[in-house]
Q: 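Structure in structure tokens, see below.
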Amino acid sequence: MKSPLLTLPGAVPAEGVDEGVAAHYGDLFREQRALADGTGFVDLSHRGVVTVSGPERLGWLHLLLTQHVQELPPHEATEALVLSANGHIEHALYLVDDGETTWAHVEPGTQEALVAYLESMKFFYRVEVADRTEDIALVHLPAGSIAEVPEGVAVRETPYGRDLFLPRGDLEEFARTAGPAAGLLAYEALRVEQHRPRLGFETDHRTIPHELGWIGSAVHLEKGCYRGQETVARVQNLGKPPRRLVFLHLDGSEVHLPAPGTELRLAGGGTSRSSEAESGGGPDGRKIGFITTSARHHELGPVALALVKRNVPVDARLLAGDTAAAQETVVEP
């Protein structure tokens, strides 16, 4: 769905899964600094919006999601996942309940599959599921923003800012009062800095929640049964996940950022010979991980999130293709 805000001065369209909104408005670093300072807004109107209403909505969602939502207080933001029977991540939902309706935004293009799954699980529960993507646009206000929120709009307030579920017809008027607009690249650079995983970027078909640090924030370990819970409990109680999320500082002398999917290998001389052998050898050895998201940050320079094998030493120097990378631990090995 193409955003009307692509007509704003300097707007350059995003590509791929984020097609339909602006990647930037002509000055990536200025836009990042504005968001970091708590000013401006981000057009996320390409994201899917799903609502669940009815008197039994929270109890019903509690049975299906990884998060404890049965007694979710009104206006309290939370996150939740839908897992496969084998515990792999299928959907990520960013939720808030306004006392009558549970609102969720999800990755672009995933809302139809999510609604189909929810509809298949309704049985005799008094709930109504709706895909609201065509009439509701998501807008993000950064932490510290004093922009006025239109009356009657559902709001998710988090440490990173506020997500507004805005009537799509009000998007242009909102932009006139809440500017300056910041593009998705600025938003993504701050997401990487904050070590926040994103479905379809930090995940693949076999990702489990422990690998990305979603335990706690999106997965509640003391709630009742849900699909995939056995895998979550087994890894939590008996083992470790096979991979872990890391944050990378990339060599700033390189002109191009390593693209998502770029293979990671150990850089020669970064660890002991035995550790190199355990982790897959030196720069010419087999890969030990891959880049999931890369970005240019206004203060940190080129940075990235990546998935690496759990046994990669936390102090190991890495190569992303030909680019040197130093890692920071996000998920403990």
Side-chain angles (χ1 to χ4, degrees), residues 17-18 28-29 31-33 35-36 42 79 81 89 92 94 107 140 142-143 158-161 182 184-204 206-219 240-267 270-271 275 279-280 283 287-333:
V17 69
D18 290 320
L28 171 62
F29 291 154
E31 294 164 31
Q32 283 187 41
R33 286 190 290 268
L35 293 179
V42 184
E79 301 175 8
L81 308 175
I89 300 169
Y94 300 85
E107 287 299 321
H140 176 78
T158 76
Y160 310 107
L184 198 68
L185 290 180
Y187 179 84
E188 284 287 281
L190 298 184
R191 177 181 73 81
V192 171
E193 178 197 14
Q194 295 154 355
H195 305 169
R196 293 189 290 137
R198 183 178 172 189
L199 182 77
F201 286 65
E202 279 62 60
T203 68
D204 56 23
R206 59 191 180 98
T207 306
I208 60 175
H210 293 78
E211 295 178 321
L212 303 184
W214 256 329
I215 302 299
S217 63
V219 178
K240 296 282 188 179
R243 303 177 296 183
R244 59 184 179 88
L245 185 68
V246 296
F247 175 76
L248 299 179
H249 293 272
L250 302 171
D251 181 1
S253 65
E254 296 290 338
V255 175
H256 300 290
L257 287 171
T262 299
E263 294 183 355
L264 290 171
R265 291 178 168 79
L266 287 175
T271 61
S275 294
S279 300
K287 73 172 184 177
I288 57 169
F290 58 94
I291 297 287
T292 57
T293 305
S294 57
R296 295 194 184 277
H297 191 274
H298 70 286
E299 290 184 341
L300 302 176
V303 293
L305 293 175
L307 277 175
V308 300
K309 294 184 177 181
R310 178 174 55 85
N311 63 351
V312 174
V314 296
D315 61 346
R317 292 184 299 154
L318 307 178
L319 286 175
D322 295 327
T323 303
Q327 59 172 314
E328 288 184 13
T329 301
V330 176
V331 174
E332 295 290 337

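We're numbering straight along the sequence, starting at 1.
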Q: Return the minimal non-hydrogen interatomic distance between Pro333 and Val314, and the atom names on each side.
A: CG-CG1, 3.8 Å
Q: Which of these passes side-chain contact (heavy atoms from CB on, under 4.5 Å) with Thr262: Ile291, Leu319, Thr292?
A: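 Only one of Ile291, Leu319, Thr292 forms a side-chain contact (heavy atoms from CB on, under 4.5 Å) with Thr262, namely Ile291.
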Q: How close do Ala325 and Leu250 get, heavy atom to heavy atom, and via which atoms?
A: CB-CD2, 3.7 Å
Q: Taking atom CG of Leu245 and atom CD of Glu211, what is their separation to the nearest 0.5 Å?
A: 9.5 Å
Q: Calculate, to the nearest 0.5 Å, the distance between atoms NE2 and CD belonging to His298 and Gln32 respectively.
A: 6.0 Å
Q: Answer yes or no: is there a side-chain heavy-atom contact under 4.5 Å between Trp214 and Thr207?
A: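 Trp214 vs Thr207: side chains apart.
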Q: On a heavy-atom basis, which atom in Ser294 and which in Leu257 lie closest, and how many Å separate them?
A: OG-CB, 3.8 Å
Q: If you compare all heavy atoms of Leu307 against all heavy atoms of Glu202, which two are closest, and at what distance to 0.1 Å?
A: CD1-O, 3.5 Å
Q: How about Asp322: does its CG atom have over 12 heavy atoms from other parts shown lying under 6.0 Å from it?
A: no
Q: If the threshold is 4.0 Å, N to carboxylate O, is there a salt bridge linking Glu79 and Arg196?
A: no
Q: Evaluate the side-chain proximity of Thr293 to Glu188: yes if any heavy-atom separation is below 4.5 Å, no if none is.
A: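 Yes, side chains in contact.
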Q: For the residue pair Tyr187 and His140, categorise the inter-ring angle as parallel (less than 30°), tilted (30 to 60°) or perpendicular (more than 60°).
A: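 Perpendicular: the ring planes of Tyr187 and His140 meet at over 60°.
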Q: Is the shortest side-chain heavy-atom distance between Arg206 and Arg243 below 4.5 Å?
A: yes
Q: Quick one: CZ on Arg265 to CD1 on Ile288, what's the gap to the nearest 0.5 Å?
A: 9.0 Å
Q: Do Val17 and Phe201 have side chains that approach each other closer than 4.5 Å (heavy atoms only, starting at C-beta)?
A: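 In short, these two side chains touch, coming nearer than 4.5 Å.
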Q: Within the distance-only criterion (no hydrogens, no angle test), does the side chain of Arg244 pair as donor or acceptor with the backbone N or O of Val312 below 3.5 angstrom?
A: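 Checked: pair present.
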Q: Does the side chain of Arg296 reach to within under 4.5 Å of the side chain of Val303, using non-hydrogen atoms?
A: no
Q: CG/Asp18 to CD/Glu107 distance, rounded to the nearest 0.5 angstrom?
A: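 These two atoms lie 7.5 Å from each other.
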Q: What pair of heavy atoms forms the shortest contact from Pro197 to Arg191, and how long is it?
A: C-NH1, 3.7 Å
Q: Can you name the closest pair of heavy atoms from Val330 and Phe247 and give their distance?
A: CG2-N, 3.6 Å
Q: How long is the gap from CD on Glu328 to NE2 on His249, to the nearest 0.5 Å?
A: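 So the gap between those two atoms works out to 3.5 Å.
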Q: Quick one: does Ile89's side chain get under 4.5 Å of Ile208's, heavy atoms only?
A: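 SC-SC contact between Ile89 and Ile208 ruled out.
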Q: Check whether any side-chain N or O of Gln327 sits under 3.5 Å from a backbone N or O of Ala316 as a donor-acceptor pair, and report yes or no.
A: yes
Q: Could you state the interatomic distance from CG (Leu81) to CG (Leu199), rounded to the nearest 0.5 Å?
A: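 Reported value, rounded in 0.5 Å steps: 8.5 Å.
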